[in-house]
Structure formats: C-alpha cells, structure tokens
Number of protein chains: 4
Amino acid sequence: MVSKQEQRSEETKKSILASAGVLFSSRGYDAVTMRDIAKEAGCSHTTIYIYFKDKEALLHQLSMPPILQLLEQVDTLLSEDSPPSDKLQAISLQVIEFCLVNRNMYNLFFTVKSVRVDEQTPEMAINQARNKLFGKLTESIQAVLGLDSQDERLLLYTRIYFFNLYGIIATYSNSDETVEQLMGRLKPTFAESFEVLLIGIRSKVK
Amino acid sequence: MVSKQEQRSEETKKSILASAGVLFSSRGYDAVTMRDIAKEAGCSHTTIYIYFKDKEALLHQLSMPPILQLLEQVDTLLSEDSPPSDKLQAISLQVIEFCLVNRNMYNLFFTVKSVRVDEQTPEMAINQARNKLFGKLTESIQAVLGLDSQDERLLLYTRIYFFNLYGIIATYSNSDETVEQLMGRLKPTFAESFEVLLIGIRSKVK
Amino acid sequence: MVSKQEQRSEETKKSILASAGVLFSSRGYDAVTMRDIAKEAGCSHTTIYIYFKDKEALLHQLSMPPILQLLEQVDTLLSEDSPPSDKLQAISLQVIEFCLVNRNMYNLFFTVKSVRVDEQTPEMAINQARNKLFGKLTESIQAVLGLDSQDERLLLYTRIYFFNLYGIIATYSNSDETVEQLMGRLKPTFAESFEVLLIGIRSKVK
Amino acid sequence: MVSKQEQRSEETKKSILASAGVLFSSRGYDAVTMRDIAKEAGCSHTTIYIYFKDKEALLHQLSMPPILQLLEQVDTLLSEDSPPSDKLQAISLQVIEFCLVNRNMYNLFFTVKSVRVDEQTPEMAINQARNKLFGKLTESIQAVLGLDSQDERLLLYTRIYFFNLYGIIATYSNSDETVEQLMGRLKPTFAESFEVLLIGIRSKVK
DNA sequence: TATGAATGAGAGTTCATTCAT
DNA sequence: GATGAATGAACTCTCATTCAT
C-alpha cells in the first residue's frame with residue numbers, strides 16, 4: 001500500500017513529465033524553460049530537480065518508455081502466425097498509430113540529431129532503440145519481398161517504404177483530430193498507400 | 001541616381017541579410033546570435049538594428065524570397081515541354097532540395113501550424129505560398145495520372161504521393177550532411193521511390 | 001535516568017555535530033551542504049533543523065569545543081615538569097597541529113578580524129579564547145628567555161616568535177595533505193625553525 | 001589621443017577590477033557574486049562580461065600584474081652591487097611592503113590551491129610566477145649563507161626564512177593601518193626578526 | 001521525533017536590445 | 001550611418017530552509 005505522500009509525489013512527477021512532453025513537442029526542447037514546465041505542472045521549478053537530474057534527463061525519461069513499449073508491440077506482431085504482407089501492414093499501422101498517439105513526442109525520437117558515438121549519452125539509448133525498430137521493420141519487409149538479407153535492394157526498398165511511413169506520420173502529427181478519428185478516417189488511405197507502394201516495388205523486384 | 005552612400009548602405013543591408021540567411025540555415029534561428037550575424041556581415045551588431053527592427057524581422061525578410069523563388073522554379077518546370085512524369089519528378093526533386101536547403105529556417109516547411117486567421121502575420125503569407133505549391137503539385141500529378149480534376153482518386157493518390165515526398169524531407173531534414181552531399185548520394189533513391197510509387201498507382205488507376 | 005528515546009535523540013545530535021565537524025574541516029564551511037551533513041550523519045536533512053537553528057548554529061556549536069580543548073592541552077603542557085624550552089616547542093607544535101586540523105573551519109584562526117564589541121557574537125568568544133592562548137604562549141616564551149614580564153624585549157621577541165609560528169600555519173593551511181602527513185613530514189623542519197630562532201634570540205638577549 | 005568613450009571604457013574596466021580586488025580579498029572569491037562586484041563598481045553585472053570572460057578571468061587579471069611587478073622589483077634589487085645580506089634584507093622588506101600594499105589581494109597568489117598540472121589554467125600562470133619569486137629568494141638566501149645550491153640545508157633554511165616572512169605578512173595583512181604607518185612603525189621589528197633568524201641559522205651552518 | 005515534498009532566493013552566464021557618441 | 005558601451009530579462013541549476021504528514 002502506498003502512502004498518501006508517495007502518491008502525491010508520484011502525481012507531481014507525472015505532472016512534470018506530462019507538461020514537459022506537451023511543451024517540448026509543441027514549442028521545441030530549447031524553447032521550453034524549466035520554469036515553463038513548472039508552471040504548466042503547477043509546481044516550483046526547483047521541484048523538477050527533485051525528480052530529474054536536469055533538463056536533458058527529462059527529455060530522456062520522456063522518450064524511452066513509449067519507444068520501448070512500441071518495440072514490444074512490434075515484436076508481438078512479428079511473432080504472430082500470419083502472412084508476411086499482413087504482418088507488415090499491421091506493423092505499419094501500429095507504428096503510425098503509436099506515433100500519432102505520442103505525436104507530441106514522436107519527433108523527440110524520430111528527429112534526434114546524429115550523436116557522437118564516443119559519449120554514452122541518454123540520446124544514445126534512444127538512438128539504439130530507434131535503430132532496433134528500423135531493424136524490425138526491415139526484417140518484415142524482407143519477408144514480404146522474399147529478398148536475401150544481403151540483397152542491396154532490400155535496403156533501397158526499405159528506405160522507400162520508410163519514406164511513405166514517416167510521411168504519413170509527419171503529415172498528421174500536427175492534426176487536432178483525435179487518433180481514433182484520424183485512424184478511422186484515414187486507415188483505408190494508409191492501407192492503399194502501402195498497397196500501391198508494394199505493387200510498384202514487387203514489379204521491380206521480380 | 002543613387003549616391004555612393006546609399007549604395008554602401010544598400011550593400012551593408014544585403015550583407016546582413018545574406019549572413020543571416022546562411023547562419024539561420026546552417027545553425028537554426030535560435031542558435032544564431034545577432035553578434036554572429038554582425039561578425040559574418042562585417043559590421044557591428046548595433047548596425048543591424050538600423051536596417052531591421054529586430055531579429056524576427058530579419059527572419060521575415062528572409063522567409064519569403066526563397067519560397068517565392070521556388071514557386072517560380074516550379075512554374076518554369078511546369079511550362080516546359082516534356083513528358084508529365086518527367087515534370088513531376090523534376091518538380092519533386094526541386095521541392096525536396098528546396099526544403100533541405102532551408103531545412104533549418106522553417107523547421108519543416110510543410111508542417112501546417114494552425115495559424116490564427118485574424119492577424120495578418122507573415123506566417124499567413126507563407127501559408128498561402130505553400131498552398132499554391134501544393135496546388136501546382138496536384139496539377140502535375142493529375143497530368144501524369146490522366147485523371148479528371150474532380151476524380152476523387154486524384155485526391156487519394158496525390159495524398160499518397162505527398163506521403164512519400166514529405167517522408168523524404170522529414171527523414172533528412174535533421175541530417176548534418178550538406179544538401180549537395182545528400183542529393184548527390186540519394187537522388188537515385190528518391191527517383192526510384194517516385195518511380196515505384198507511380199507504377200503502383202498506375203496499376204490501380206489503369 | 002534518561003529514556004531510550006532521549007538517548008537515541010542525543011545520539012542523532014552528536015552524529016550530526018560530528019559529521020558537520022568532519023566535513024567542515026575537510027571541505028570548508030561553504031562547500032558543505034546540509035544534505036551532505038545529513039547523509040554523513042545518517043539522517044534526513046530536515047532532522048538537522050530539529051537540533052540546530054540553521055547551518056551557522058552548527059558552526060557555532062562546533063567552533064568553541066576544539067579551541068577550549070586546545071587551551072586545556074596547552075595548560076597541561078605548561079604545568080608539566082620539563083625545561084621551559086621543551087615546553088615552548090611542545091606548545092608550538094600543538095598549536096600548529098590544532099590550526100591545521102581546523103584549517104578549513106575558521107579560515108585562519110589567528111587572523112584578527114576587527115570585531116564589533118557591541119554585539120556578543122560567537123566570534124567574540126573565539127576572540128577571547130584566542131587572546132588567552134596568546135597570553136599562554138607569551139608566558140612560555142618569557143620563561144624560556146628568562147626575561148621580566150615588563151621587559152620590552154619580551155614583546156619584541158614574542159612577536160618575532162609569532163611570525164615564525166603564524167608563517168608555518170599560513171603556509172600549510174591550504175595544503176591538500178592530511179595533517180598526519182604534513183606533521184609527519186615537516187615536524188623536524190618546524191622544530192629546527194624554533195631552534196634556530198631561539199638561538200638567534202638568545203644571542204641577543206644574552 | 002584617446003576618445004572620451006575609450007576613456008570611460010577604461011575607467012569602467014578599472015573600476016570593476018578594483019571592486020573585485022577589494023571584495024575577493026575581504027570576503028573571499030567564492031563568497032563574492034558577480035552582482036556584488038557590479039554594484040560596487042557601479043555598473044550592471046552583465047557589463048563585467050564585456051571586459052572579462054568569466055569570474056575566474058577576473059581573478060586572474062587581478063593577480064598577475066602586481067606579482068609580475070614584484071618580480072621585476074626583486075630582479076632590480078638582486079642585480080645591485082651590495083653585500084648579499086643587505087640584498088636579502090632589502091628584498092624581504094620589499095616583498096613585505098608589496099604584500100601589504102596589495103594586502104587585499106596577496107592571499108590570491110599566496111594561497112592558491114595546488115593545481116592539477118594537466119590543464120593550463122590561469123591559476124597555473126600565477127603558480128609559476130609565485131614559484132619564480134620563491135626561486136629568487138632562495139637564490140638570495142644562498143648567497144648570504146654561502147651554501148652550495150645543491151646543499152639540502154639551503155632548502156631547509158629557506159623554508160624557515162619563509163615562515164618568518166610569510167608570518168609577518170599574514171599577521172599584518174588585516175591591519176587597518178596604512179602601509180606607510182605599518183612599515184614606519186615596524187620596520188625595525190622586521191629587521192630584527194631577520195637578524196636574529198640569520199644569527200641562529202649561521203650558528204648552525206657555521 | 002523524523003522525513004519526504006516543496007520552495008524562494010540567488011548563483012554564473014548569455015543575449016537581444018538601447019543609448020550616447 | 002555606424003559603433004562601442006551598457007543593460008534587463010531570462011536561462012539552467014543549487015541550496016538552505018519550511019511545510020505537512
């Protein structure tokens with residue numbers, strides 16, 4: 001059983017995290033001040049430092065959990081017993097939905113600057129997670145196209161597939177519609193985009 | 001006839017504007033200080049305020065010209081006498097290059113921020129220009145697909161084409177590579193993406 | 001009879017005081033935070049405020065005991081039955097060691113800050129204790145030189161003796177070595193300095 | 001000819017430097033804030049950053065010029081044609097007077113913490129200058145005692161001579177008297193201290 | 001008694017901007 | 001027209017201290 005204090009503490013932390021998430025994504029990391037976050041979270045700016053080492057730690061804690069969760073979901077889909085192209089489409093829609101749900105944060109982990117490899121920053125961890133996600137998608141695309149993992153065309157068409165996927169996400173990441181509305185309205189469009197793309201790619205690969 | 005003073009004055013102003021443009025593009029608006037611009041332009045930082053109200057004014061004056069230039073370039077391409085699909089590809093590459101060149105200035109050019117309509121901000125003007133650009137692209141796609149402008153499939157496939165285009169831009173808008181490097185390295189990839197996409201779409205539209 | 005609670009309470013207080021003493025001495029008053037002290041003492045930083053009004057109160061309570069202890073030690077040495085010059089040397093080394101042990105706490109113990117006489121600050125008390133110490137040293141020097149307490153040469157050579165003593169302390173008060181290391185390494189040097197000085201002085205006093 | 005602006009600028013810089021000197025020495029480097037210095041100097045705290053890179057640069061600029069000047073004065077004395085013991089006494093009095101004139105700063109360069117050798121900090125430069133001064137004094141003492149420069153007794157007695165010298169400086173560095181008053185009143189005392197010390201040392205060295 | 005939560009004051013520093021020449 | 005001098009606002013972050021339990 002958690003004490004009332006612990007509960008309040010947890011609430012404060014969550015509030016800070018939520019506020020930071022909203023502000024970072026709407027105004028950008030640099031443009032948001034610790035005092036902005038504090039005001040939004042309804043606490044003093046010093047309180048933030050009780051829960052997070054510094055501003056960068058906030059960014060980190062904000063980015064990792066959702067992306068790890070997405071990785072799990074994708075793994076689950078991959079392990080299911082269904083046709084590869086169904087899997088790919090499911091995964092794609094999953095990624096889209098995930099990014100739109102977390103849309104005010106998605107660019108936190110999709111647009112991380114290229115990181116110097118020599119220092120183990122928290123950004124490194126995000127980078128790794130993102131790369132893993134890319135790897136899983138490649139794997140799924142490979143299964144669909146029936147290409148060898150060394151075939152250089154795999155990289156080419158995975159990239160192109162990505163453009164489509166990322167374009168969808170970027171296009172709607174600033175929408176004011178709810179994710180449900182968006183997905184309900186546009187799922188056929190998305191599915192069609194995958195379909196025509198795969199048709200085109202297949203005509204080239206075989 | 002302009003006096004020598006006026007001429008020198010005009011030169012200083014241009015130098016400031018040019019320096020700001022280069023710096024904003026390469027390092028981003030926020031990361032550039034007025035003193036940086038002044039040093040690059042070879043004048044004092046106070047001199048900038050003679051010609052421009054403030055830092056934001058610099059950005060404004062800097063925002064419109066390139067986008068207008070892009071519109072012109074697209075118009076030129078549209079008016080050329082070549083196959084529609086060649087035109088579309090040329091326009092697409094042009095738009096990509098433009099967005100990457102200016103990637104740091106308007107972070108993602110396509111990102112539709114909800115703009116308050118009641119105030120005539122410079123953002124409004126950019127919005128209008130962007131909408132024009134979209135119109136021209138649609139037009140070009142229409143010519144390629146041979147669809148009637150009222151055909152609802154035109155909207156569908158234009159959207160899908162956009163996903164691809166926008167995805168490319170978003171993917172590379174945070175790269176540290178120069179645009180020359182990027183385009184040199186990836187132009188074939190981009191071209192291939194348009195090709196397979198059009199193959200797919202055509203197979204549907206017939 | 002004291003209750004178990006009172007006993008535990010007293011222990012906590014002592015632990016805090018001891019921790020503060022150690023930390024103040026090793027890192028200096030300003031560089032030590034209340035949280036540092038609490039961690040060292042094994043309690044929460046808020047607990048400190050139960051026993052001590054504020055950080056300065058800790059310093060006060062910590063300041064007097066060691067200096068009183070030094071006075072006692074000097075008294076003990078003075079009352080021993082040994083040659084006056086041996087006593088003087090022992091006292092001198094004692095004072096040096098004391099000042100180096102506490103070097104960080106009262107920056108230079110001998111530094112006579114002009115103290116306002118109208119307020120009974122804790123510094124006043126320290127001042128008094130220090131004056132007492134000076135008196136005892138003079139007394140010891142007098143015994144060594146065999147001078148009358150009114151002889152003006154006593155003041156002169158006591159001053160000079162002080163220069164040497166104070167110079168030693170000042171020289172090493174910013175060292176990073178431990179007192180043990182310092183005293184172990186330099187005690188012969190210190191002893192030699194006292195010896196040559198007394199030789200010189202005696203040759204004058206005759 | 002200097003413009004009025006340049007003159008004012010120079011005044012501001014000097015004022016900042018002077019204020020920093022007074023405050024650093026009276027309250028200690030850490031305890032003094034940039035805003036304190038600014039208030040004392042009669043300017044905004046940001047103005048300080050126009051003239052000095054950061055707080056540490058202030059300390060540096062404050063410490064170096066006087067110590068270099070002292071080095072020159074000592075060199076002049078050393079090159080004069082007079083008995084070694086006269087030279088040593090003159091140098092000693094010079095150092096004392098210098099330190100008392102700059103008393104509110106002397107501990108800035110006499111009590112520099114031992115510095116990590118791997119980074120070329122400004123403190124390093126002070127360290128070097130101080131070491132040079134020590135070297136010159138050793139040289140002079142060597143001439144007086146007629147010892148070989150490798151004789152280990154030279155180091156011993158130089159150290160002891162230093163204790164006396166530094167003790168004098170430390171003792172009077174907090175006095176409110178003017179340097180003229182102090183030197184006028186105490187020069188005989190200082191001279192006597194050097195004399196008895198050298199008598200004692202000579203009796204040992206033979 | 002004891003503590004985790006929370007805060008205001010203030011540290012060094014940067015920067016867009018204004019003032020006086 | 002042009003500039004060096006100067007500043008206020010604001011940034012991230014720390015710390016002694018108080019509040020509520």
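Everything numeric here is computed off the predicted structure, so don't read it as measured data. Chain naming here is simple, since letters A, B, ... match the order of the sequence lines and numbering starts at 1 in each.
Rounded to whole Å, the distance from CG on B:Leu59 to P on E:dA16 is 13 Å. At whole-Å resolution of the value, CD in A:Gln5 and P in E:dT3 are 12 Å apart. One interatomic measurement links the two molecules: NZ of D:Lys55 to P of E:dA11, which rounds to 9 Å at whole-angstrom precision. Atom CG of D:Asp36 is separated from atom C1' of E:dG10 by 11 Å (rounded to the nearest Å). Distance, B:Glu11 CD to F:dA2 P: 10 Å, rounded to whole Å. Rounded to whole Å, the distance from CG on D:Asp54 to C1' on E:dA11 is 14 Å. Atom C1' of nucleotide E:dA5 and atom CD of A:Gln7 are separated by 14 Å, given to the nearest angstrom.
Take C:Ser44 and apply the side chain to side chain donor-acceptor pair (under 3.5 Å) test, not counting sequence neighbours, and it matches C:Thr46. Partners of D:Arg35 according to the side-chain contact (heavy atoms from CB on, under 4.5 Å) rule, which considers only residues two or more places apart in sequence or in another chain, are D:Thr33, D:His45. Legend: residues meeting ring-ring contact (aromatic ring centres under 6.0 Å, His included) with A:Tyr51, ordered by chain and number and at least two apart, are absent. Annotation: side-chain contact (heavy atoms from CB on, under 4.5 Å) contacts of A:Leu68 (sequence neighbours excluded): A:Met64, A:Leu71. In this view, B:Glu56 and B:Tyr29, B:Asp54, B:His60 satisfy the side-chain contact (heavy atoms from CB on, under 4.5 Å) rule, not counting sequence neighbours. With sequence neighbours excluded, the residues that form a side-chain contact (heavy atoms from CB on, under 4.5 Å) with A:Val32 are A:Leu23, A:Phe24, A:Arg27, A:Asp36, A:Ile37.
The salt bridge (Lys or Arg N to Asp or Glu O under 4.0 Å) pairs that include a residue from residues 38-53 of chain A number zero, where partners must be two or more places apart or lie in different chains.
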Please table the atom pairs, donor to acceptor, closer than 3.5 Å between any side-chain atom in residues 13-22 of chain B and protein atoms at least two apart or in another chain.
from    : atom 1 : to      : atom 2 : distance (Å)
B:Ser15 : OG     : B:Ala41 : O      : 3.1
B:Ser19 : OG     : B:Ser15 : O      : 2.7
B:Ser19 : OG     : B:Ala41 : N      : 3.4

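The two residues A:Ala129 and A:Ile67 come nearest to each other via the heavy atoms CB-CG2, 3.7 Å.
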Check the interface with nucleotides 6-8 of chain F: list each N/O to N/O pair with the protein under 3.5 Å, or write none.
from  : atom 1 : to      : atom 2 : distance (Å)
F:dA6 : OP1    : D:Thr12 : OG1    : 2.7
F:dA6 : OP2    : D:Tyr51 : OH     : 2.4
F:dA6 : N6     : B:Arg35 : NH2    : 3.3
F:dT7 : OP2    : D:Ser44 : N      : 2.6
F:dT7 : OP2    : D:Thr47 : OG1    : 2.5
F:dG8 : O6     : D:Thr46 : OG1    : 3.1

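Both B:Lys53 and D:Tyr49 sit near DNA chain E, but only D:Tyr49 has its closest nucleotide nearer the 5' end.
Listed by residue number, there are no residues of residues 16-34 of chain C with a heavy-atom contact under 4.0 Å to DNA chain E.
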Tell me, what's DNA chain F's dot-bracket, Watson-Crick or G-U with both distances under 3.5 Å, | for other-strand, [ ] crossing?
.||||||||||||||||||||

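Between the A:Ser63 side chain and the A:Leu59 main chain, a donor and an acceptor come within less than 3.5 Å of each other. A donor-acceptor pair under 3.5 Å is absent between the side-chain atoms of D:Ser9 and the main chain of D:Gln5, judged by distance alone.
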